[in-house]
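Here is the structure we will look at.
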Amino acid sequence: MATDTKAFTHVTFTKKVISNHLNWVFTMLMGIGIFVFWYVAYPHALSYQEQYQLFLWTGDYFLERISLPGGLTDWLGEFIVQFYYVEWLGALLLTLLLMALQRLTVRLLPNGLWWLSILPVLFVWWLMGDINVLLSLPVAIVLALALACVMPKRFSWTDIVVLPIAYWLTGPAVWLYVLVRVVQLGWKHLWTAGWLLAVQLAVYAWFLPQWPLQQAMTGLNYYRIPLHYPLLTGYDKDMYELIRMDYLVRHERWDDIVKRAGEYQVRTPFWSNCVNLALAEKRLLADRMFDFYQSGEDALIMPRTRDLTSMLPSAEAFWRLGMVNSAQRYVFDTQESILNGRKSGRCTKRIAECMIVNGHYKAAAKQLNLLKKSLFYRSWAEDVELNDEWVQAHPVYGKLRKLRYKDNFLYSYEEIDKMFGLLFMNNQQNKMALDYFMAQMLLTGNVQGFQQYMGMVQQYGGYRMMPLGYQDALQCIKMQGRVPDSPYAKYVQQMMGRR
């Protein structure tokens with residue numbers, strides 16, 4: 001009998017060890033899959049999140065964050081997101097966060113049901129497909145579960161004290177903690193839910209009267225757009241394709257943009273702006289522009305649109321053309337459109353660069369002082385010298401100072417082709433301005449202007465032969481659009497069909 005009991009105990013112990021090993025193998029395999037997803041398939045999503053915040057290593061920044069309910073998770077989320085600047089490091093930290101979520105779930109599940117721990121991870125992973133979900137939400141969920149794991153398995157009066165503190169540090173995600181505690185302790189402790197609700201209402205009445213009650217009860221820092229909530233749509237293919245294009249523009253990967261444009265297209269002005277900028281940088285705009293989708297008159301530069309992303313490729317085009325003031329205006333409007341009131345590291349750097357090129361050194365110094373308090377923008381900010389000699393010797397800033405306009409005039413988007421032409425006449429080495437000038441006339445159907453300035457292309461364009469795109473356009477104009485398989489004729493038909 002004793003032998004049978006010993007054998008049964010040994011078998012039980014062996015099964016437990018095997019289950020434990022499988023549990024950890026499962027966690028590691030899941031972690032590898034998460035890392036590959038973010039680092040290989042979706043690095044542009046990491047870049048997107050990083051560029052809409054500017055984490056500062058200062059005490060004031062920390063105090064500002066924790067002065068609101070959920071502030072600690074907000075601060076921790078932004079702390080992690082700043083490392084998205086280095087893609088592999090950001091992907092690793094995000095992987096560790098989701099692995100922590102899985103391990104905490106394992107601890108809270110009954111023995112033998114560890115395989116169910118993947119469900120919360122998949123839900124959070126899918127939820128993050130909404131680009132406006134901030135990392136503070138997954139962090140808050142992890143902290144709430146961690147608190148539930150460290151609390152004693154029996155009721156303690158410390159629960160009463162812990163709840164208000166947990167609410168202030170994690171925000172409304174503390175309801176997850178309450179749910180776990182009720183399951184652990186029994187439904188007779190459901191009164192803790194009433195206590196938490198009372199705490200939230202008291203905090204709202206005394207500390208947050210300027211916030212809508214709905215937002216105070218559901219989270220101030222979980223979602224980028226106030227009074228909105230995750231759309232539960234997962235990873236929208238077209239949206240992430242546009243984010244990918246912006247990411248490739250940010251990192252000047254022009255070949256990858258052109259290659260990607262031949263594989264998949266999103267019929268929006270944003271997509272056209274990115275592709276045309278890449279073609280211009282490779283000096284292929286005159287040859288291949290109409291090989292790709294063109295959204296219309298806004299295919300090169302979009303009009304000012306106060307939202308989070310639309311103007312970024314246009315601002316980048318302005319910057320590279322030498323239209324520095326327009327680039328600064330577009331980037332500033334983009335930063336001011338961040339609905340949760342954050343600064344942007346990417347935008348702040350570009351605003352400072354525009355001020356440097358224009359010689360506005362005192363204004364630039366304010367932006368540089370902010371960047372010096374960050375981690376990944378600090379070295380650039382510290383290397384900048386605010387004087388004319390340094391700027392003129394700089395390979396980028398010195399060139400842009402020569403390309404920019406010499407005289408002031410009123411900006412008019414309706415006459416943007418004329419602004420491109422004036423920019424070129426100011427400096428006839430600005431081949432990109434000439435390409436944009438001619439392209440804009442083709443986009444707007446100004447065929448007389450296009451024909452009139454063809455001599456300027458021959459004289460200053462630097463082409464050995466007439467670009468294929470211009471040849472096609474001239475043939476199309478001559479034949480009044482009756483040219484089979486003409487890319488420009490197809491574009492004209494597309495535009496006429498919209499009218």
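Note that the structure is predicted; figures quoted are calculated from it, not measured.
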Practice problem: Not counting sequence neighbours, which residues clear ring pair (Phe, Tyr, Trp, His ring centres under 6.0 Å) with F376? List them please. | Solution: F83, Y85

Quiz item: So, is the end of the R288 side chain (NZ or CZ) under 6.0 Å from the ring centre of F292 and within 45° of the ring's axis?
Solution: no

Are side-chain heavy atoms of [X] and [Y] found at a separation under 4.5 Å?
X    : Y    : value
Y84  : Q51  : no
T170 : L72  : no
Y52  : R342 : no
I118 : F123 : no
L119 : Q102 : no
R404 : M323 : no
N426 : L403 : no
Q49  : R224 : yes

Hey, is the main chain of [Y] close enough, under 3.5 Å, to the side chain of [X] for a donor-acceptor pair?
X    : Y    : value
K418 : E414 : no
K431 : Y460 : yes
Q367 : M355 : no
Q335 : C347 : no
S486 : V483 : no
H228 : P226 : yes

Practice problem: Walk me through it: do D74 and I66 pass the test side-chain contact (heavy atoms from CB on, under 4.5 Å)? | Solution: CA-CA 8 Å; D74 193 23; I66 65 170; over 6 Å; no

For [X] and [Y], I'd like to know if the aromatic rings sit close, meaning centre-to-centre distance below 6.0 Å.
X    : Y    : value
Y247 : H251 : yes
W57  : F62  : no
F55  : W75  : yes

One thing to verify: whether [Y] and [X] come together as a salt bridge, which I'm taking to mean a side-chain N less than 4.0 angstrom from a carboxylate O.
X    : Y    : answer
R267 : D238 : no
E50  : R346 : no
R253 : E281 : no
E316 : R250 : no

Quiz prompt | Parallel, tilted or perpendicular, as decided by the 30° and 60° cut-offs, for the rings of Y240 and Y235 | solution = tilted

Self-check item: Point-to-point distance, once rounded to the nearest 0.5 Å, from OG of S344 to CZ of R350
Solution: 11.0 Å

Quiz prompt | side-chain hydrogen bond (donor to acceptor under 3.5 Å, both in side chains): pairs with one or both residues in residues 268-278, sequence neighbours excluded | solution = N273-S314, N276-Q294

Quiz item: Pick from N430, L300, L443: which one makes a side-chain contact (heavy atoms from CB on, under 4.5 Å) with Y436?
Solution: L300

